[in-house]
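Proteins get letters first, then strands, A, B, ... in listed order; numbering begins at 1 in each. The shown structure was predicted, so the numbers you read here are calculated from the model rather than taken from an experiment.
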Amino acid sequence: MANEVCLRNNDLERPWLLEQYQSRGGYEQLKRILAGEITPAQVIDEVKAANLRGRGGAGFPTGMKWSFISREAPGQKYVVCNSDEGEPGTFKDRDILRYNPHQLIEGMIIAGYAIGATRGYNYIRGEFWEPYMRFQGAIDEAREAGLLGENILGSGFDFDLHVHLGGGAYVCGEETALLESIEGKKGQPRFKPPFPAHFGLYGRPTIINNTESLCSIPVIIEKGGKWFSEIGVANSGGSKLFSISGNINKPGVYEIPMGTPFAELLEMAGGMRDGRKCKAVIPGGSSSPVIPGEQMLDLTMDYDSIQGAGSMLGSGAVIVMDDTNCMVRVLERMSYFYYEESCGQCTPCREGTGWLYRVVSRIENGQGRPEDLELLEDVTRKIAGRTICALGDAAAMPVQGMLKHFRDEFEYHIEHKRCKVGA
Amino acid sequence: MSEDQTVTIEVDGREIQAKAGQMLIDATDAAGINIPRFCYHKKLSVSANCRMCLVEVAKVPKPLPACATPVAEGMKVQTRSPLAIAAQKGTMEFLLINHPLDCPVCDQGGECELQDVALGYGDDVSRFVEGKRVVMDKEIGPLISTDLTRCIHCTRCVRFGAEIAGVRELGATGRGEHMTIGTYIEKSVDSELSGNMIDVCPVGSLTSKPFRFRARAWELIQRDAIAPHDAVGSNLHLHVRRNEVMRVHPKENDAVNECWISDRDRFSYTALNSAERLDTPLVKTRGEWKESGWHEALTRVASGLKEAGSDLGVLASPGCTVEELHLARKLANGLGSERIETRLRQGDFRTAAGAWLGQSVTDLERCSAALLIGSNVRKEQPIFGHRLRKAALEGCDVSFINPLELEMNYAARQIVTPPAAMAGEVAAVARAAGAAGPLIDQAEVTERHQAIAERLKAAPAATLLLGNLAQAHPDYAVLLTLASALAKATGAVLGQLPAGANSVGAQLVGAVGDGLDAMLAQPAKGYLLMGVEPGYDLWDPAAANAALTQSGFVVALSGFRSESLEAVADVILPVSAFAETSGTFVNAEGTWQSFAGAVSPKGETRPAWKVLRVLGNLLDLQGFDHDSSEEVLAEARQQAEGRQLDNAPADAVTECRLVDAALTRIGDVPIYAVDALVRHAAPLQKTRDAIAAAIYINESEAAKAGLTAGMQAAVTQNGTRVILPVTIDPNIPNGCVRIPAGVAGTEQLGGQFGEVTLEKA
Ligand SMILES: Cc1cc2nc3c(=O)[nH]c(=O)nc-3n(C[C@H](O)[C@H](O)[C@H](O)COP(=O)(O)O)c2cc1C
Ligand code: SF4
Ligand code: FES
């Protein structure tokens, strides 16, 4: 039951070509829709029935997001795809862009049709040069074939799509910073509300979804929301791409049903390298709190299960660590990331991320003080929930998770000025 | 949702009323409930970045920023609950970790918002033991000092630039902790409103360069004043220490200047103690200037004036107070003369009209179509420029008819044409609007004229404004006649932007006569100059110099020594400058604003009204026994009673005097050249707007004369020849050359507009 949705064409030789995509029924759903077989309301109902939750990290129900926009509202509306893929550990959208760009394009056109938008943008991570070229090639092909642009396939429906290549800032993956960036401004999140559905790109109603979310749409329309929903489990419909990396034998992107046991995923990924012990897993990208290995091996890969263990499924980036890893060092590296990537506009994140990093770094380098752990926890509490965007929370959570599960390693570091594990 | 719907909310257990949709902080501010804040500023957009204003809202688990949370009926807010206080204190700690905390050596110490709030929300000991962030300072010009390590990233200065000044000069570059305020590419901050950034900066990151480290906030005494350089009448706070004006801040008045002032009003105080300040009477004996006592000087003046008798001419700056002008007029009348003039830069006196704004200051920002004729309003009267910009951002259709292209900070239609063609352009708009009459009937109407006319007609509130360039135009009377016809045809309000702080007051107290020609064409036997430097303050310095030199006796009341004055005067009486004297200005909209002296007169100087009163006594004239400036004011007001100003010209003038010449001079007065005080303000003279005398000419016109940038060239106007450098300026139309007036190097030239010839020097 793997590779049923976003990666379903990966077995083809060159699945990114229009002709190959069409050989598998590509763009047929768009044709049905444009022929009037399916109304916009039906599209949205189908997405709701699919129980598709946003794959960008927050897991917000996609169908509900779309229904916030009134199709009848006059003026320009936009569909924006978030291919910024900046969360450390995540590399799934890259594969969609490389191997299934047409399905994403089809999904975006359908989204445009559903909300009455005639313009779409795909914001691609700056470092993704090759996927960007691939995706741009697919757009050109689609436009050539009359699948994009004015009066698509003679239906009277217009939809055109543009790519915006990012500049390398993680924060530009945050939806409103992304919109600012497309507008040519500095990528800084906007205060919400208003949400993009009301005040989005250029101030117009906008839906913004992750690449994987949008890429799932054609399959949902083809096979029905119910079919998609039933692949997964309650509260977590469909299958999901997991980017699994770390001390394992076969790191990569795996598309498996929601609710699959982590142990199975680990096995697909070739198991632990050198047969070592699975010490800890970061289940949903670097922002999600770490989960100890033994506990993780009992969990299934879906929203509720991971949340129940005090973490988040996030973007589905699974980082597996064996017992050679020092958790202080791991946290130092992660804190450094948030310190560098904070956009700097709001006080708790701008000041707090630097503080967290410096204290962790001090501990790692043998300069820790006994009161530091208390301090770290207090600083995270003062960041979380008090910032403009979720990057603040994202910086706070890994620290909280590490101190919760691996406090002893930090204490050891402070006391002995070296790692507890022999790294 | 209607705008003025009222909702009831509960804050800290107290019910308060608020406007629906209003941000919580506005509602609590109105109710006198204090919520700490840094990034919020009532005149700027909400950015909600500092997180200092976090409060607890019932049913919301996270604290919310009061500055970005709209009120809703029944909302329950706790500003001092444990959750709110913890959030506020948390933010405070973050703000302080990288802050230098060296308040004793910071210029903002004692008036710092961070310091104030830290007192209530900060801890006495810091838990931050890491190295603090250091940011390199930037050089951004002569008015603002940067101390960027102190910056708390509230972005008020950035938003001020984008939203109020209308130029994005400062921005926040870099991410996270590396975010800094700067110009990105090394550059100065040049907006005419830039000093307000010092006020909006809550900490000591942006401070006043001229004031920096010269006094402590708690040593200063605050006195009120009215700005003396333009007709806005901005309300000021003068900060005084030991009888010295140390700095100038805006005094908030929403009807006039809101909470802003121009840089000109903010920094001109620096001239008060300049080296050129005159503080003892000067008397010329056998061609030699000698310092003298007041008694001797006054006796000499009295005899000179008596000699002149009814052949006395008074030339007074429109920046003189109501009291001074009233007494000057009375003095002239007492001697039998009616000749007094304050419209020193007016180019045409063929018709009489009362020049005033024609509406209130706040009306400017409510108009929906505006046509400005001969005005660079942004530099002439920065605060009016700001009001019009606000209107433009709300959709007001703004057009200009000017002899040179302006750098705009909002979208506007600009018709740029040589001075001699300006009347034709106004006539064309008038014709398009359906007016008829001489000039109008012959005007060639294009789409542009049609568009302007249509907007003016359709607008619910439209205005026509004549600015300084129109007033200085040799066909001002024609422009005014045409504008008046246009106003009638469109229903627009006809207004003028009077040049000086008291131009309107001068008219009300009768300090206007038959014009400069009447004063200067035939030299008078005697002249009284008040606040006038003949080379800089008059429309035609060459003609003025000629008349003054030939006159029998010239007495000047002046705050400064000046070569151009010393060349023509016989006695110079040192008078108290701005801030040293009491008085009254009537601003463009006709509001009378009085002020007291904030510091005592410098040196031997005396307030001009007292000097005039003594002169009246020495000359045995009636009615010069006032004990206070208030008494003078009361008398002046009585005189002004019933006088109404009307911008419509008394006579229609349609004969153009300025004919198409091969090369016509445009002699605008740059923003920092308008009066002696500004000209002596050193920091302002170092700005980019302190435009130097030069020949500004476009490339093709320069090529025709064989000139290139940087070359020295000779300008000849009315037979006077002056050498000036050439600057290529694409904003100048063909057939024109801009040679600013009021700046050093132009003292010998003729009228602000007129034919000139150029040749290589
Ligand atoms: C700091 C930050 C970075 C983010 N980066 C990404 C990203 O790279 N890709 C992405 O799809 N969503 C990212 N998000 C989530 C988006 O803000 C947004 O929720 C998402 O694009 C919505 O799409 P979905 O509903 O399909 O998940 C990020 C959020 C934050 C706070
Ligand atoms: S939380 Fe961080 S990244 Fe997000 S807006 Fe604030 S400073 Fe920027
Ligand atoms: S004042 Fe509200 S966040 Fe700064």
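Between the side chains of B:E93 and B:T91, no donor-acceptor pair of N or O atoms lies under 3.5 Å. No side-chain N or O of B:R156 forms a donor-acceptor pair with one of B:Y40 less than 3.5 Å apart.
Of the atoms belonging to A:L391, not a single heavy atom falls under 4.5 Å from chain B. Looking at B:L95, both its backbone and its side chain come within 4.5 Å of chain A, counting heavy atoms on both sides. With a 4.5 Å cut-off on non-hydrogen atoms, A:E341 touches chain B through its backbone and its side chain both. Using a 4.5 Å cut-off between heavy atoms, B:L64 does not touch chain A at all. Heavy atoms closer than 4.5 Å to chain A are found in the side chain of B:P65, but not in its backbone. If you measure heavy-atom distances from A:R190 to chain B, you find no contacts under 4.5 Å at all. For chain A, the nearby part of B:S47 is the backbone; its heavy atoms alone come within less than 4.5 Å. Of the atoms belonging to A:A384, not a single heavy atom falls under 4.5 Å from chain B. Using a 4.5 Å cut-off between heavy atoms, A:E371 does not touch chain B at all. No part of A:R381 comes within reach of chain B, as not one of its non-hydrogen atoms sits under 4.5 angstrom from that chain.
In this structure, the separation between CE on A:M402 and CD on A:Q400 is 13.0 Å, given to the nearest 0.5 Å. Between the CG atom of B:D147 and the CG atom of B:D137 there is a distance of 5.0 Å, given to the nearest 0.5 Å. Between atom CG of residue A:L375 and atom CH2 of residue A:W355 there is a gap of 5.0 Å, rounded to the nearest 0.5 Å.
Using the six-membered ring where Trp is involved, A:Y338 and A:Y170 have ring planes that are perpendicular, over 60° apart on the 30 and 60° scheme.
A distance-only check finds no donor-acceptor pair linking the side chain of B:N49 to the backbone of A:C346 [under 3.5 Å]. A donor-acceptor contact shorter than 3.5 Å links the side chain of B:T146 to the backbone of B:K138.
Stacking of A:R53 on the aromatic ring of A:Y303 is recorded, both the 6.0 Å distance cut-off and the 45° axial limit being met.
The choice from A:V171, A:V359, A:T387 that makes the most heavy-atom pairs within less than 4.5 Å of chain B is A:T387. Contacts with chain A were tallied for B:A68, B:G90, B:P63; B:A68 has the most, counting heavy-atom pairs under 4.5 Å. Contact count against chain A (heavy-atom pairs under 4.5 Å) is highest for B:E177 among B:M179, B:K62, B:R133, B:E177. Top candidate by heavy-atom pairs under 4.5 Å with chain B, chosen from A:P348, A:G352, A:G385, is A:P348. Note on B:H153, B:M52, B:R51: by heavy-atom pairs under 4.5 Å with chain A, the leading option is B:R51.
A:L403 pairs with exactly one of A:E374, A:E411, A:E377, A:M327 by the side chain to side chain contact (heavy atoms under 4.5 Å, CB included) rule, that one being A:E377.
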